[in-house]
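Quick caveat, the model's predicted, so the values are computed rather than measured. Whatever order the structure lists them in is the order used to number ligands and atoms, beginning at 1.
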Amino acid sequence: MTICSVEIWTERLPLTRPYVIATREVSTVDLHFVRLEGSDGAPGLGCAAPTAVTSENAEDCLGAMDAAARDILKGQDPRLLRGLARQLRLACPQYPSAMAALDMALYDLFGRSMGVSVAAMLGRLRKPLPTSITIGILPLEETLEEAKEYLARGFKCLKVKLGLDYGEDLERLQALRRAYPEGVRIRVDANQGYTIEQTRDLFYKAQDLDLELIEQPLSRGKEADMLKLSKDAQRLMAADESLHDPMDALQLAVNPPFGIWNIKLMKCGGITGALDLADLAGLSGIDLMWGCMDESVISIAAALHTAYACPKTCYLDLDGSFDLSRDAALGGFTLQDGSLHLLDEPGLGVRLAV
Ligand SMILES: [Mg+2]
């Protein structure tokens with residue numbers, strides 16, 4: 001079997017609900033897609049979401065994806081998956097989302113050709129988990145309104161963006177917890193917006209607020225400052241901007257400043273890179289959260305298949321496709337009662353929308 005054709009294209013997708021985070025406002029997203037085709041007719045789909053987070057220029061990312069797909073994948077046997085994934089990693093380390101798209105497309109094609117899901121291939125061991133859905137930085141009333149809407153849609157877990165004004169952040173969290181004293185999980189993401197004093201203060205208040213975790217309070221580069229927090233506080237902290245690739249993971253695995261790692265396929269180069277991080281996390285006793293950018297169901301499904309095959313997976317934050325007003329693909333998973341269920345289909349279980 002060989003990969004006989006490669007197709008790559010870009011789509012600009014508007015969001016149903018533009019949002020503000022500590023660093024910028026987001027209203028549309030440019031996604032790059034890849035479709036491989038095996039000589040047996042099986043397709044392999046992938047999606048890249050280059051963003052400022054991964055320091056990728058969208059156009060250069062597309063160029064890297066196109067070149068790597070043609071030079072490394074076209075004409076090759078997809079069953080040589082690990083070797084091809086290694087070549088992708090060497091070819092475009094500075095374009096992790098391009099690498100992620102091609103890597104997941106390979107896994108998809110391989111799984112479909114073998115008739116097994118990617119999660120089964122990787123050794124599925126997790127039952128469906130709830131995903132959080134994100135509330136951006138909003139005034140208090142709008143925060144409460146949005147929470148109400150998401151809970152009515154069945155979500156059980158809210159991720160609240162913080163980091164512009166600590167006083168307002170606390171008011172929003174206190175109002176949310178008062179409105180929902182039980183049955184709603186609340187986690188928060190400061191996107192590097194806090195000082196060490198604010199971080200420590202939020203940890204002290206986290207018990208009353210019943211916060212599940214605190215994501216990236218300090219800037220990337222201030223990991224050593226995190227070590228000044230108590231061990232209990234560190235256990236509640238999740239690394240996002242501080243954790244991109246396996247080199248970051250190596251630094252964060254010894255004397256870990258964060259008890260939780262937020263793995264995103266776009267940061268670490270796809271399923272292959274994510275498995276490397278997950279193995280290190282396992283050795284270091286670190287729990288895993290699986291996050292995303294604004295992405296197609298293709299790459300959200302890829303993250304979910306991988307997440308359900310990793311023993312340290314505890315948290316899902318895979319809400320990135322729900323706010324796209326249009327997607328290039330369908331399927332992959334269903335949302336039932338706030339939890340993400342994989343479809344029992346070969347590969348990633350996704351197909352292009354017609
Ligand atoms: Mg984050």
Side-chain angles (χ1 to χ4, degrees), residues 15 17-26 29 49-56 96-97 100 129-138 143 146 150 155 157-164 166 169 172-173 185-195 198-199 202-203 206 211-223 225-226 233-245 248-249 252 256-268 273-274 277-278 281 286-295 299-300 303-304 307 313-323:
L15 301 175
R17 195 195 296 269
Y19 59 85
V20 176
I21 60 170
T23 45
R24 66 208 147 90
E25 179 176 316
V26 185
V29 58
T51 64
V53 175
T54 53
S55 310
E56 289 168 288
S97 72
L129 290 170
T131 181
S132 48
I133 184 137
T134 301
I135 298 179
I137 297 180
L138 294 171
T143 298
E146 207 166 301
Y150 288 142
F155 291 100
C157 181
L158 304 172
K159 175 160 134 174
V160 185
K161 291 285 192 177
L162 313 173
L164 282 185
Y166 184 61
D169 288 346
R172 292 166 66 220
L173 292 175
R185 299 189 192 187
I186 300 176
R187 54 183 75 155
V188 299
D189 185 357
N191 284 110
Q192 317 181 81
Y194 283 167
T195 63
Q198 289 167 333
T199 304
L202 185 60
F203 168 69
L211 299 184
E212 195 176 33
L213 58 87
I214 299 171
E215 191 174 325
Q216 197 73 38
L218 305 186
S219 305
R220 179 180 168 91
K222 295 201 170 156
E223 292 75 21
D225 288 0
M226 296 288 296
Q234 288 166 12
R235 290 297 311 168
L236 203 69
M237 302 290 159
D240 183 7
E241 286 87 344
S242 287
L243 174 73
H244 281 227
D245 53 27
D248 289 332
L252 297 177
F258 300 92
I260 302 160
W261 286 355
N262 184 346
I263 296 185
K264 296 177 177 171
L265 299 193
M266 297 303 149
K267 291 190 298 185
C268 66
L277 297 186
I286 289 161
D287 290 335
L288 294 180
M289 169 178 185
W290 294 80
C292 58
M293 318 294 183
D294 296 305
E295 297 174 21
S299 46
I300 299 293
L304 192 62
T313 295
C314 294
Y315 311 99
L316 300 182
D317 179 32
L318 294 174
D319 60 346
S321 62
F322 297 133
D323 283 339

Inset, instruction - Salt-bridge test for Arg220 and Asp248: reply yes if a basic N is under 4.0 Å from a carboxylate O, no otherwise. - result: yes
Legend entry - Candidate list Asp245, Asp240, Asp294, test salt bridge (Lys or Arg N to Asp or Glu O under 4.0 Å), partner Lys264, passing option: Asp240
Legend entry - Candidates Gln234, Glu223, Arg235 - the one meeting side-chain contact (heavy atoms from CB on, under 4.5 Å) with Phe258: Glu223
Inset, instruction - Measure from the ring center of Phe322 to the ring center of Phe155 and say whether it is less than 6.0 Å. - result: yes
Inset, instruction - Around the Mg ion (ligand 1), list the protein N/O/S atoms within a radius below 2.8 Å, excluding water molecules. - result: Asp189 OD2, Glu215 OE2, Asp240 OD2
Legend entry - side-chain contact (heavy atoms from CB on, under 4.5 Å) partner of Asp317, chosen from Thr134, Ile133, Leu213: Thr134
Inset, instruction - Would you check, one step at a time, whether the test side chain to side chain contact (heavy atoms under 4.5 Å, CB included) holds for Leu304 with Thr131? - result: CA-CA 10 Å; Leu304 192 62; Thr131 181; over 6 Å; no
